[in-house]
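None of the values given here were measured: they were computed from a predicted structure. Values reported hereafter were calculated over all heavy atoms of this structure, with side chains retained and with hydrogens, waters and symmetry mates removed. We name chains A, B, ... by the order of the sequence lines, and we start the count at 1 in each one.
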Number of protein chains: 2
Amino acid sequence: MGRWKANARERLEQAALELLLERGYERATVAEITERAGLTKRTFFRHFADKREVLFSGQEALYKLFVGAIVGAPASATAIDAIGAALEAASAVFPPERRELARQRQAIIAGNTELQEREMLKRASLAAAMVGALRERGVTDPTASLAAELGGLAFRTAYARWVDPANHQEFAELARQALHELKTATSEIA
Amino acid sequence: MGRWKANARERLEQAALELLLERGYERATVAEITERAGLTKRTFFRHFADKREVLFSGQEALYKLFVGAIVGAPASATAIDAIGAALEAASAVFPPERRELARQRQAIIAGNTELQEREMLKRASLAAAMVGALRERGVTDPTASLAAELGGLAFRTAYARWVDPANHQEFAELARQALHELKTATSEIA
DNA sequence: ATGGTGACGACACCAAGTGTCATCACGCCT
DNA sequence: AGGCGTGATGACACTTGGTGTCGTCACCAT
């Protein structure tokens, strides 16, 4: 079987999504995923650092959108304004067509602890990236960490609502709502 | 309550700490840890769910202190007050004698991604527990999540300073400082 | 063609976990 | 004291994730 078609990585992602949805993360082996994709186990690990990573391939782009929007926000913008701009920019990664995919992905992650661990690490990396970007704007540390944490919470809230079948609004709108709610809660808490 | 050679779990934790400090997490095998403890690989996995877990054994107690303090806070206490009480209660787990141990543990974790993943998951579990406890007090959701996130950030800040050799204050004092800084930053951000 | 480059397959190998059964120390009962 | 049950451990085989290494084959530029 010496043939090799293009899109190996995408085929692996697709095969993984299907198989993990059918059988769950633990009951599906890497060998079975690669078999479905017409490849071998070794090739899987050339494209993904480990089995979990096949479900977290868009993260890099998300970081860049966040960081870019924060450092690119107007100089007059406050830390929270910059966070708001970041959420706005992030909306580009979550068009309505990707909602069903995101839902499936979340269903798989919800069923396995290893995947949740990976997700938590990605969250922390994103938060750290936001803190770094805010610092580049001159925001000092207690405020930078707090703003990043707030942004992360707003993002997770918006994402959870976006994935929820009960809602039909666009991500950007949900993000604006979540951030607004958190801002008012913040002023009430102090 | 069987007492065989006794202390199997503690011996495993001690052997693991030593070996992981010497060689790092990835270059030390479970078989080597158990060999040092005078036990077998199988026994290790009867005491710990996986290799990572040997470094996270005190977490259960921490959760209980947090939750207990939050639900046990006086009815007049605000959400932030309850968080403050939780941090105060958590100080019991971090006496000065445990500082060196904590430092070593953090050094090992800092050197390996899997361990950081586990730590992030524990953080998230703690945050979720705090949200649950706050809800029991009648705190509703945007505020509960925000307060829990704030508490987590204060805790991490205090812990980082407590472990830092440059500081010599007690954990409770560092926690009060961190929470106070975050409260003022919160009022400035809104 | 011709040779170089990069992606893939084949194979061996290590380490993390798990299932299963045997064994051995201890407390308890008579 | 001696037998019994229980729970912790050892022994061993097995699966799966993940890596190192080498060979092979398509593609491209010369």
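Linking Ile, Leu, Val, Met, Phe, Trp and Tyr whenever their side-chain heavy atoms come within less than 4.5 Å leaves A:I70 and A:L153 in two separate clusters. Clustering ILVMFWY residues whenever any of their side-chain heavy atoms sit less than 4.5 angstrom apart, transitively, puts B:L146 in the very cluster that holds B:I189.
Here D:dT16 presents its C1' atom at 14 Å from CG of A:N112, a figure rounded to the nearest Å. As a whole-Å value, the separation of B:N7 CG from D:dT9 P is 10 Å. For the pair B:E35 CD and C:dA15 P, the computed distance is 13 Å after rounding to whole Å.
Salt bridge present: A:R156 and B:E149 bring a charged side-chain N and a carboxylate O closer than 4.0 Å.
Put simply, A:T43 has a side-chain N or O that comes within less than 4.0 Å of OP1 or OP2 on C:dG9. Taking 4.0 angstrom as the limit, B:H47 places none of its side-chain polar atoms (N or O) nearer than this to OP1 or OP2 of D:dA8.
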Identify each atom pair where a protein N or O and an N or O of nucleotides 17-21 of chain D are less than 3.5 Å apart, giving names and distance.
{"residue": "D:dG17", "atom": "OP1", "partner": "A:K51", "partner atom": "NZ", "Å": "3.1"}
{"residue": "D:dG17", "atom": "OP2", "partner": "A:T29", "partner atom": "OG1", "Å": "2.6"}
{"residue": "D:dG17", "atom": "OP2", "partner": "A:V30", "partner atom": "N", "Å": "3.3"}
{"residue": "D:dG18", "atom": "OP1", "partner": "A:R52", "partner atom": "NH2", "Å": "2.4"}
{"residue": "D:dG18", "atom": "OP2", "partner": "A:K51", "partner atom": "N", "Å": "2.6"}
{"residue": "D:dG18", "atom": "N7", "partner": "A:K41", "partner atom": "NZ", "Å": "3.2"}
{"residue": "D:dG18", "atom": "O6", "partner": "A:K41", "partner atom": "NZ", "Å": "2.8"}
{"residue": "D:dG20", "atom": "N7", "partner": "A:R42", "partner atom": "NE", "Å": "3.3"}
{"residue": "D:dG20", "atom": "N7", "partner": "A:R42", "partner atom": "NH2", "Å": "3.0"}
{"residue": "D:dG20", "atom": "O6", "partner": "A:R42", "partner atom": "NE", "Å": "2.8"}

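Note: A:F66 and A:F155 have perpendicular aromatic rings, judged against thresholds of 30 and 60 degrees for the angle between ring planes.
Checked against side chain to side chain contact (heavy atoms under 4.5 Å, CB included), B:A102 has the following partners two or more places apart in sequence or in another chain: B:Y159, B:W162, B:V163.
Annotation: cation-pi geometry not satisfied between B:R176 and B:F171 (NZ/CZ under 6.0 angstrom from ring centroid, within 45° of ring axis).
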